[in-house]
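Only one structure is covered here, and it is reproduced in the block below.
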Amino acid sequence: MINKTVANVQVACEGIQDSMTFMLGGFGLSGIPENSIAELVRRNVKNVTCISNNAGVDDFGLGLLLQKKQIKKMISSYVGENAEFERQMLSGELEVELIPQGTLAQRCQAAQSGIPAFYTPAGYGTEVAEGKEAREYNGKMHILEEAFKADFGFIKAWKGDAAGNLIFKGTARNFNPNMCGAAKITVAEVEELVPVGTLDPNQIHIPGIFVQRIFQGSTYEKRIEQLTVRKRS
Amino acid sequence: MINKTVANVQVACEGIQDSMTFMLGGFGLSGIPENSIAELVRRNVKNVTCISNNAGVDDFGLGLLLQKKQIKKMISSYVGENAEFERQMLSGELEVELIPQGTLAQRCQAAQSGIPAFYTPAGYGTEVAEGKEAREYNGKMHILEEAFKADFGFIKAWKGDAAGNLIFKGTARNFNPNMCGAAKITVAEVEELVPVGTLDPNQIHIPGIFVQRIFQGSTYEKRIEQLTVRKRS
Amino acid sequence: MSLSKEQIAKRIAKEVKDGYYVNLGIGIPTLVANFVQNDIDVEFQSENGVLGMGPFPFEGDEDPDLINAGKQTITALPGASFFDSALSFSMIRGQHVDLTILGAMEVSQNGDIANWKIPGKMVKGMGGAMDLVASAENIIVAMMHTNRAGASKLLKDCSLPLTGVNCVKKVVSNLAVMEIENGSFKLLERAPGVSVEDIKNATEGNLIIEGDIPEMDIS
Amino acid sequence: MSLSKEQIAKRIAKEVKDGYYVNLGIGIPTLVANFVQNDIDVEFQSENGVLGMGPFPFEGDEDPDLINAGKQTITALPGASFFDSALSFSMIRGQHVDLTILGAMEVSQNGDIANWKIPGKMVKGMGGAMDLVASAENIIVAMMHTNRAGASKLLKDCSLPLTGVNCVKKVVSNLAVMEIENGSFKLLERAPGVSVEDIKNATEGNLIIEGDIPEMDIS
């Protein structure tokens, strides 16, 4: 077994530099790598490009990096929950590339899989297709999209082991598995680092080969963005 | 919950016709849809094209269909275990398209995913690349491969429920999940059909949306191709 | 009488058939789930990674690891499954989802839709909408027929950046049910008390009216 | 003395470094697992869907649902995982596997390899070999230097249908260890008791010999 454990988030983030491209898992505030984001803020790394479905809210998630103007460019599918984001974008301080959510997921998975490019129907006939090759398959137009290239991927999982094997929980899974192994270095933080051999090999969502560094995360806030409940009858 | 259960393999195979294209899960004899194969033999469906990594052995798996000359064409990556196959191929009775194993898996997954085509480095500069578009990405040549098109997919899973959710076991998983939803109709046979709600939603390998028909299989032989063991010390 | 949002959702719910997998967009479409008939089996897919989505949790049962595409806390029904974003869009792009219901800012008479951007004003992003509209075989749009200023949102050509081309099959607005056919809005039903003339006046795109147009059933 | 298959495997095992994920082909490469040093951490991947492959099972413990790419019954070590074929080739094509060791029928001086087909005679198929050789950054070929008739299998150009072009980095044969560099076989080591002249005679492709060529360590 190849041991991927590192002592803490500081060690996990070694090698991070200004102007790098990061991938960050999560959908909304669910399944985001809270510890790694905190460390990126602490290190005050600048001019970074972030590939992440959303951009957090004003005071949580990637919003924390936006506040400190650490982000040069965001590549996302939906950024509607963040006023500071909108301000920086409309003022031109922040470069933004909006892409379809499925294309975002697939461009991550393509990077993970060594597939440099693929055709998808999403975005044909829209701004998203500008400058891209288009081709008809099965009577429908498709555009050619390329795999992402990133330096670090920051992943949040539920459970993991020293071999780097990961299991996710509920809809906190989202983009996290697709980003594993899609960047040069994949850093995984887990709620629970369990002894090797305790995870059922049938139930591992991401085998450790896709993960370079894993650490036990701490003090997850797991903020809820839209609390919607029913009254008990 | 949408109920996908059918009474038995006969009902599961309704609509099968001569000259159709089938996808069949399994690697070697591991994880093959034994019940569905037996039914294809019983129905004596002819002239079919089979997409399957292997072609079984002489008297088991797809070898049973080869014996009865039901197969017009095989699309596989490795067929070295079957003498009757080799005879039919060298005599020209059987059409054979050999393709790289990873390309086979990805062409299934592409069909499942609505990705009509993708680039892969596998096979560049070889017979496999003949007639295919080639392009350089990251300093390396790649060829364009297309998603499969098939009429029926036959899947073998370990556990499943009426919603069509599937869980696989060990290396019997192989191509089975990638073929789910890749054909027009996906037929899943399971060793154990469990009550809905008993499978942990976190641990489902294939959600039921990719499966049209599911049934409880019977009398699995699960033949071992190469028995290799250690003596107990 | 122009329909309320709930009534639009109620009317759309009648389009949801037994055995359908359905993806509901944010806004009016989300309400559709409340009005689907009890005697049919339907599963709701949320593109952030759940199939078999249930109602909101009871107070205190909410789980930050279980939300829908609108970031609302939800529940999962028996038979549900969780999965990653790539597999989620395999369901969508691979046309395994039977019906997509989403909102729109504009729809054109050839089925183009715009719902993600107002240049210089608002850019929330397309989320999963571009994948959904490019892939789905059956798309119903839930929308207001006109904007606050009274201008039609059912147009000859969309003025806003497009989300997809030639993809919308049906529109249910506060005034009417229309099918998109051969580059026109074909009027199928009127909201109770709304006249064909009212609908004509509110529709900039080509509107086809054939025979008597019945009132919607929103019971 | 020409090496036995076990000795070839033993020599190749020295190329396996701490922290490597390794894919072993059928035949001689499979034997490599037996000779990897005990003091390093290595994981074996089998393309049919297991990472962390262990030794053969004890008699009676064999499981038809747990085999390797050679269809042999195996075991899984603590920390192992099972996965589908697409994810397995994501590991391979995505260059997450550090070292690929496979057999060959022919290798050419520019690193082409042929190992899946003899036209008109034998067609077993390429299995995962084409994906492996097209993707891996580090490929070692284990092979016999000559065929049974004594003809060289290390050629200027392969005569058989190719498995991959320009991909082999190192060859360990029963006679020698060679690196492929600038369109030539560069001789690195000799099998114990085998002379440079022997190797020259057995090699049709361009062979570069620089300085003294040491004997292999196959202890």
Side-chain angles (χ1 to χ4, degrees), chain A residues 27-31 53-55 76-81 86 89-90 96 98-106 108-109 112 120-128 140-142 158 168-178 205-206 220-233, chain C residues 26 30 46-50 53 55-76 82-93 112 114 116-117 119-135 161-167:
Chain A
F27 182 95
L29 300 179
S30 189
N53 189 59
N54 310 94
S76 301
S77 90
Y78 192 83
V79 293
E81 290 97 352
E86 203 160 7
M89 177 173 57
L90 293 175
V96 179
L98 289 166
I99 61 178
Q101 192 176 145
T103 299
L104 197 154
Q106 196 63 28
C108 294
Q109 197 177 284
Q112 178 192 68
T120 173
Y124 174 75
T126 76
E127 283 182 20
V128 163
K140 194 156 123 178
M141 292 304 291
H142 293 73
W158 180 34
F168 302 89
K169 180 166 161 268
T171 56
R173 191 183 316 188
N174 55 65
F175 291 86
N176 283 297
N178 309 127
H205 293 134
I206 283 292
Y220 284 101
E221 180 178 338
K222 288 198 182 185
R223 197 185 291 188
I224 289 175
E225 226 165 317
Q226 303 281 343
L227 179 63
T228 47
V229 293
R230 277 181 293 168
K231 291 253 177 244
R232 287 177 197 274
S233 54
Chain C
I26 300 171
T30 303
S46 196
E47 64 264 30
N48 58 315
V50 55
M53 191 171 29
F56 295 148
F58 288 115
E59 284 178 297
D61 287 351
E62 64 273 9
D63 178 353
D65 294 331
L66 185 42
I67 62 171
N68 65 16
K71 284 91 177 179
Q72 298 171 311
T73 47
I74 53 157
T75 55
F82 303 126
F83 37 85
D84 64 59
S85 298
L87 195 67
S88 181
F89 282 90
S90 292
M91 296 177 188
I92 291 168
R93 212 188 298 102
D112 295 354
W116 71 284
K117 185 177 181 180
K121 272 197 191 160
M122 183 286 289
V123 191
K124 293 197 182 302
M126 66 291 283
M130 281 195 184
D131 307 274
L132 283 159
V133 301
S135 308
L162 296 182
T163 307
V165 292
N166 218 326
C167 54

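Chain identifiers are assigned alphabetically (A, B, ...) following the order of the sequence lines, protein sequences preceding nucleic acid strands; residue numbering begins at 1 within each chain.
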For side-chain contact (heavy atoms from CB on, under 4.5 Å), just list the numbers for A/Ile224 and C/Glu62, CA-CA rounded to whole Å, side-chain angles, deciding distance to a tenth of an Å, and then say yes or no. CA-CA 9 Å; A/Ile224 289 175; C/Glu62 64 273 9; 3.7 Å; yes
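- Looking at C/Lys117, the atoms closer than 4.5 Å to chain A (heavy atoms on both sides) all sit in the side chain, from C-beta outward.
- If you tally non-hydrogen atom pairs under 4.5 Å between each of A/Cys108, A/Pro121, A/Gly28 and chain C, the highest count goes to A/Pro121.
- For C/Leu66, the parts sitting under 4.5 Å from any heavy atom of chain A are the backbone and the side chain alike.
- Put simply, CD on A/Gln226 and CD1 on C/Ile26 are 9.0 Å apart, with the number rounded to the nearest 0.5 Å.
- Rounded to the nearest 0.5 Å, atoms CG (A/Leu98) and CH2 (C/Trp116) are 5.5 Å apart.
- Taking both residues in full, the closest heavy atoms of A/Gly125 and C/Val165 are given as O-CG1, 3.9 Å, listed atom of the first, atom of the second, then distance.
- Contact check for C/Ile67 versus A/Phe27: side-chain heavy atoms found under the 4.5 Å cut-off.
- Remark: A/Thr228 pairs with C/Phe56, C/Gln72, C/Thr73 by the side chain to side chain contact (heavy atoms under 4.5 Å, CB included) rule, at least two apart or across chains.
- The CZ atom of A/Phe168 sits 8.5 Å away from the CG atom of C/Asp84 when rounded to the nearest 0.5 Å.
- Nearest heavy atoms, C/Phe82 versus A/Arg173: O-NH2, 3.2 Å.
- The parts of A/Leu227 that come within reach of chain C are both its backbone and its side chain, each placing non-hydrogen atoms under 4.5 angstrom from that chain.
- Judged by distance alone, with hydrogens and angles left aside, the side-chain atoms of A/Asn178 form a donor-acceptor pair with the main-chain N or O of C/Ala86 at under 3.5 Å.
- Contact between A/Glu86 and C/Val123 at its shortest, heavy atoms only, is OE2-N, 4.0 Å.
- To the nearest 0.5 angstrom, C/Glu47 atom CD is 5.0 Å from A/Gln101 atom CD.
- Taken to the nearest 0.5 Å, the NZ atom of A/Lys140 stands 11.0 Å off from the CG atom of C/Asn166.
- Side-chain N or O atoms of A/Thr126 include none that pairs as donor or acceptor with a backbone N or O of C/Thr163 at under 3.5 Å.
- In this structure, C/Arg93 contributes its side chain and A/Gly102 its backbone to a donor-acceptor pair below 3.5 Å.
- Checking side-chain atoms of C/Asn48 against main-chain N and O of A/Asn174 turns up no donor-acceptor pair under 3.5 Å.
- Closest of all the heavy-atom pairs between A/Pro100 and C/Asp131 is CB-OD2, 3.3 Å.
- Checked for salt-bridge contact, C/Asp63 and A/Lys169 meet the test: a charged N lies under 4.0 Å from a carboxylate O.
- Heavy atoms of A/Asn54 lying under 4.5 Å from chain C belong exclusively to its side chain.
- Interface check for chain C: of the options A/Gly123, A/Ala122, A/Ser77, A/Gly80, the most heavy-atom pairs under 4.5 Å are formed by A/Ser77.
- Looking only at distances, no side-chain donor or acceptor of C/Ser85 sits under 3.5 Å from a matching main-chain atom of A/Ala105.
- The choice from C/Ser88, C/Ser90, C/Ala69, C/Ser46 that makes the most heavy-atom pairs within less than 4.5 Å of chain A is C/Ala69.
- Inter-residue side-chain proximity for C/Met130 and A/Thr120 is flagged as unmet; no heavy-atom pair is nearer than 4.5 Å.
- Using a 4.5 Å cut-off on side-chain heavy atoms (C-beta onward), A/Tyr78 and C/Lys71 make contact.
- In this structure, the salt bridge (Lys or Arg N to Asp or Glu O under 4.0 Å) partners of A/Lys231, at least two apart in sequence or on a different chain, are C/Glu59.
- Here the straight-line distance linking atom CE of C/Met126 with atom OG of A/Ser76 works out to 10.0 Å at 0.5 Å rounding.
- At a 4.5 Å heavy-atom cutoff, the contact between A/Glu225 and chain C is made by backbone and side-chain atoms alike.
- Using a 4.5 Å cut-off between heavy atoms, C/Ala76 does not touch chain A at all.
- A distance-only check finds a donor-acceptor pair linking the side chain of A/Ser30 to the backbone of C/Pro64 [under 3.5 Å].
- Neither the backbone nor the side chain of A/Leu29 comes within contact range of chain C; no heavy atom of the residue lies under 4.5 Å from a heavy atom of that chain.
- In this structure, chain C has a heavy atom under 4.5 Å from the side chain of A/Met89, while its backbone stays farther away.
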